[in-house]
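Here's the structure we're looking at; comments come further down.
By convention here, the first residue in the shown sequence is residue 1.
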Amino acid sequence: MGYWFKRLLALTLGSLSLILATFCFNWGFTALSESRQMDRLPLSPIAVLASGPYSVAGRTERESNLLTTPYSGESVIYVRYLLEEEYRDSDGDLQTRTLDSGERSTRFRLTDNTGTLRVDPTLSTGGINWAVQRSYRERQGDLIYSEWTLSEGQQTELLGRYQPSNQTLVFHNLNFNLPATITDSSLQVAGGQSLLRAALIISLAAGLVSLGIALILIGLGVHRFILYISAMTLIMIAYLWGQGLYQLEQDWQRAASLYQTRMAALGPSPTIEKRTDLLAMRLLIARGAEPWPDRLFFSQLASDYFPEPEGIDSALHQTTEARISDFPRNRFSNGWIASLASIGGAALSILLLWLGIRRIRLKRLIEHLPTAAATGLSYGLAELKGTIDLQAEPLTSKLTENLCVAYHYLEQEKRGSGKKTRWVTLEEIDHRLPFELTDESGRVWVYPEKATMHYSDTVTRHQGRRRYKESWLPPDAKLYCLGFAGLDANRSDRLALQYEDEQPFIVSTLDEQRLIQRKGAQGFLFTSVSLGLVLSAFLILLAYAGSLTPADLLLTALLIPIFLFLYTLILHYNDLVFLRNRCDKTKADILTVLQKRHDLIPRLNQVLQGYLEHEQELQAALVNLRTSNPELDDSPDQIDRLNEQVETLNRQLIARLEAYPELKANTLVAEFMEQVETTEDYLSLVRNGYNDSVELYNTQIHSFPDLLLATAFGFEEKALFRR
């Protein structure tokens, strides 16, 4: 897939994500509005019902013949039935399929302490939310029989439309975004399910917005982290606030229309009971308007669209207020599901955030690390660009039989069917040869074992149910390499690019700019999905608490800059830790070699005492070195002084060896002199690498905003070796 095609695809997918997000926002707010509208309706006594939507509660009674359930044979008012069969698929896994299902209802009566009304769900059985318990479940062999029923004599709560002409509660043409509901628990529980559904859909919409912005930035070729943070913050806040305010306005228009319809249905001279019921409705509407900015919308509409009913004395008003204050709000009842979903979303968000930080940090490292020349390579992390020069016979790839420096071969077989389809690896080969990387200044050995490889050539072939995939690196490829320049295990006087624990190691046929864009795109995507999951976890908790409103979306939008600010702090802190550890790692390597040489001093002293007792200067130098400890004297100045003392001792020892042939032949003396020479070669390679790392670290901790983090977390300036 071409580079420009990928960018165009990212732009297209980003635009589609934003379009789909808008659809999901509207869908989610419809579910949220359903719950809010249910919250605005009190449970009305049957005696006060007028035309329009009402919430009522009472005991069910038969009006005509009851239904007979298909499996248990019980007589009921409503039944939903399901017949399932368990079977084994082609992989032997247990699956379930539906053999039969359906639902039926009949007319019935509902009675409370004020009267009785007819209920007719038969015209819209499938359009009603029947929130009833499962009453029957039986297994017979591989068959599973289940029934959900509403029976005669059960306490039931209903939300429907009352028709005064025939004194019947029906469930079609309810309008006002109210969901027709019949439940054997409570309408608040049913409303809580709408809250959770709204939270999940709105969370998906927020995630799609975040993903869409990231994809559009990728398509535009934006990889600067500061631009990503700025765009994500501004666009997400603007989008969420825009949607939230628009949907909030629509919701309050529905509330006003619902209240005005109820007022008009009561007529010019309603009874005191009907006025009290209308007051209860207004008090519930006012309770829902307590948070800002609901309070702003309600205050603007209150006088014209939510007038209090007249003719209610203060005592009755206070009694109604007390009753409404105890009236439960809609909330999702299954707290463990909400908690599990929130914790799972937060945990996955942290994982994706960590993956995003790793990629953004690597991208920033590639951006800021200068490209080294082969002849000027310093010990430590290095970036090189050049062409492969293979000094050995090339490999021959297995599938395509191409000559190459490295190749990866994968053979897989497709097994299973349907949702259980999976690819099983039959064989995987990963061969790599060491090679020299040449540039205009010289050449450097590269040992690509354990490196992340970006191959230039890939081919995939299919044969039956098998898939063969192979990628290879041609012998003359141009490469970008990022890795640790350490001592070559084959020659101690030169550096080679190789794997080192906790250090990035990349061998890529992509140029530096493409690699930066790729890592930036990956980091943006992981971060965007992580942000979406954080918003999801927060909204689900609000749904469980029963406080999810369009205004909460505005509050949720404020989480975005907080999240991205913390993300930026974590990123900068990790940068400082990486740079500090890089300096400490190089110094630790130096101290290890110095300690190895220092461990020879006591033994060397014993050998020399018998030959050079009269050499007071030499003996004094040995004693001085024995009392010096590289682990304690670990500052660069002290290490330099200690190394100068060892070099002085070595020169004095060489000057006297000609007079003592047997001492010259001593293996310990030879080992010491060889160690001194090796250490000097090593230090000459490592010293510059350490100084480069320290200069970069010192510059970083004095730059804004890293200066603030360095001061807060104790990142102190480090000393340099003498050049």
Item to complete: Take S471 and T458 through the side-chain hydrogen bond (donor to acceptor under 3.5 Å, both in side chains) test and state the conclusion after the steps.
Response: CA-CA 4 Å; S471 303; T458 299; 2.9 Å; yes

Practice prompt. For side-chain contact (heavy atoms from CB on, under 4.5 Å), just list the numbers for H702 and E717, CA-CA rounded to whole Å, side-chain angles, deciding distance to a tenth of an Å, and then say yes or no.
Written response: CA-CA 9 Å; H702 289 100; E717 187 172 302; 2.8 Å; yes

Worksheet item: Is there a side-chain contact (heavy atoms from CB on, under 4.5 Å) between D294 and F297 once you walk through the steps?
Response: CA-CA 5 Å; D294 284 287; F297 281 90; 5.9 Å; no

Discussion item. Applying side-chain contact (heavy atoms from CB on, under 4.5 Å) to L569 and L709, what does each step give before you reach the verdict?
Written reply: CA-CA 8 Å; L569 287 183; L709 288 173; 4.1 Å; yes

Practice prompt. Check step by step if ring pair (Phe, Tyr, Trp, His ring centres under 6.0 Å) holds for F715 and Y573.
Written response: CA-CA 10 Å; F715 289 88; Y573 177 80; 5.7 Å; yes

Worksheet item: Where do Q412 and Y468 land on the side-chain hydrogen bond (donor to acceptor under 3.5 Å, both in side chains) test, with the steps shown first?
Response: CA-CA 7 Å; Q412 296 176 305; Y468 306 87; over 6 Å; no

Worksheet item: How far apart are the C-alpha atoms of D389 and Q391, what are their side-chain angles, what is the distance that settles it, and do they pass the side-chain hydrogen bond (donor to acceptor under 3.5 Å, both in side chains) test?
Response: CA-CA 6 Å; D389 185 5; Q391 299 297 313; 3.2 Å; yes

Worksheet item: Does the pair Y480 and D511 meet the rule for a side-chain contact (heavy atoms from CB on, under 4.5 Å), with working shown?
Response: CA-CA 6 Å; Y480 169 91; D511 61 38; over 6 Å; no

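Remark: the backbone N or O of A374 is paired with a side-chain donor or acceptor of S441 at under 3.5 angstrom. With hydrogens and angles ignored, the 3.5 Å screen pairs a side-chain donor or acceptor of S397 with a backbone N or O of N402. Checked by atom type and distance alone, the side chain of T22 pairs as donor or acceptor with a backbone atom of L18 at under 3.5 Å. Of the possible donor and acceptor atoms, one in the side chain of Q498 sits under 3.5 Å from a partner among the backbone N and O of A496. Judged by distance alone, with hydrogens and angles left aside, the side-chain atoms of T509 form no donor-acceptor pair with the main-chain N or O of L479 at under 3.5 Å. Without hydrogens or angle criteria, T438 side chain to T387 main chain gives a donor-acceptor distance under 3.5 Å. A donor-acceptor pair under 3.5 Å is absent between the side-chain atoms of Q522 and the main chain of G356, judged by distance alone. Using a distance-only test at 3.5 Å, with no hydrogens or angles considered, no donor-acceptor pair links the side chain of N581 to the main chain of D584. Of the possible polar contacts, one joining the Y697 side chain to the E716 backbone as a donor-acceptor pair under 3.5 Å is found. Side chain of S210 to main chain of S528: a donor-acceptor pair is present (N/O by atom type, distance under 3.5 Å, no hydrogens or angles).
Note: F524 CZ to Q517 CD = 10.0 Å, rounded to the nearest 0.5 Å. Atom CD1 in I213 sits 11.0 Å away from atom CG in L208 (nearest 0.5 Å). Expressed to the nearest 0.5 Å, how far CG of L515 lies from NE2 of H454 amounts to 6.0 Å. Distance check: T699 OG1 to L579 CG gives 10.0 Å after rounding to the nearest 0.5 Å. To the nearest 0.5 Å, atoms CG (N177) and CZ (R36) are separated by 11.5 Å. Taking CD from E695 and SG from C583, the interatomic distance works out to 10.0 Å, rounded to the nearest 0.5 Å.
Summarising the geometry of V209 relative to A21, their closest heavy-atom pair is CG2-CB, 3.5 Å, with the distance given to 0.1 Å. Residues G14 and L215 come closest through the heavy atom pair CA-CB, 3.7 Å. Residues P434 and P448 approach most closely at CA-CD, 3.9 Å, considering heavy atoms. Considering every non-hydrogen atom in both G483 and F505, the closest pair reads CA-CD1, 3.7 Å. Here the closest heavy-atom approach between residue L487 and residue L495 is recorded as N-CD2, 3.9 Å. Residues A710 and L576 come closest through the heavy atom pair N-CD1, 4.1 Å.
Residues H462 and T460 form a side-chain contact, since some pair of their non-hydrogen atoms from C-beta on lies under 4.5 Å apart. For the pair P474 and S456, the minimum side-chain heavy-atom distance is below 4.5 Å. Two residues are said to be in side-chain contact when any heavy atoms from C-beta on lie closer than 4.5 Å; L437 and L497 fail this criterion. Looking at heavy atoms from C-beta onward, N698 lies in side-chain contact with K718 at the 4.5 angstrom threshold. Using a 4.5 Å heavy-atom threshold, the side chains of L395 and R432 count as separate. The closest side-chain heavy-atom distance from Q250 to S33 is not below 4.5 Å. Within the 4.5 Å cutoff, side-chain heavy atoms of L365 are placed close to those of L381. With contacts defined as side-chain heavy-atom distances shorter than 4.5 Å, the pair P293/L248 qualifies.
Judged by distance alone, the side chains of D488 and Y447 do bring a donor and an acceptor atom under 3.5 Å apart. Of the N and O atoms on the side chains of S530 and S349, at least one donor lies less than 3.5 Å from an acceptor on the other residue. Donor-acceptor pairing under 3.5 Å is recorded for the side chains of N26 and Q247. Looking at E383 and T371, their side chains do bring a donor and an acceptor atom within 3.5 Å of each other. Side-chain atoms of H572 and D706 include a donor-acceptor pair closer than 3.5 Å.
Within a 6.0 Å sphere centred on CD of E427, other residues, nucleotides and ligands contribute more than 12 heavy atoms.
Note on ring orientation: taking the six-membered ring where Trp is involved, the planes of H431 and Y407 are perpendicular (angle over 60°, cut-offs 30° and 60°).
Taking the six-membered ring where the residue is Trp, the centroids of Y379 and F484 are separated by under 6.0 Å. Remark: aromatic rings of F25 and Y239 are close, center separation under 6.0 Å.
In summary, of the residues considered (V534, L353, L533), a side-chain contact (heavy atoms from CB on, under 4.5 Å) with L348 occurs for L533 alone. When each of R466, K469, R467 is tested with E411 by the rule salt bridge (Lys or Arg N to Asp or Glu O under 4.0 Å), just one qualifies, namely R466.
K385 and D439 are not joined by a salt bridge, as no carboxylate oxygen comes within less than 4.0 angstrom of a charged side-chain nitrogen. The pair R580-D575 fails the salt-bridge criterion, with no side-chain N (NZ, NE, NH1 or NH2) lying under 4.0 Å from an Asp/Glu carboxylate O. A salt bridge is absent between E413 and R465: the closest approach of a Lys/Arg side-chain nitrogen to an acidic carboxylate oxygen does not fall below 4.0 angstrom.
Taking the ring centre of W423 as origin, the terminal cationic atom of R415 falls outside the region bounded by 6.0 Å and 45° from the ring axis.
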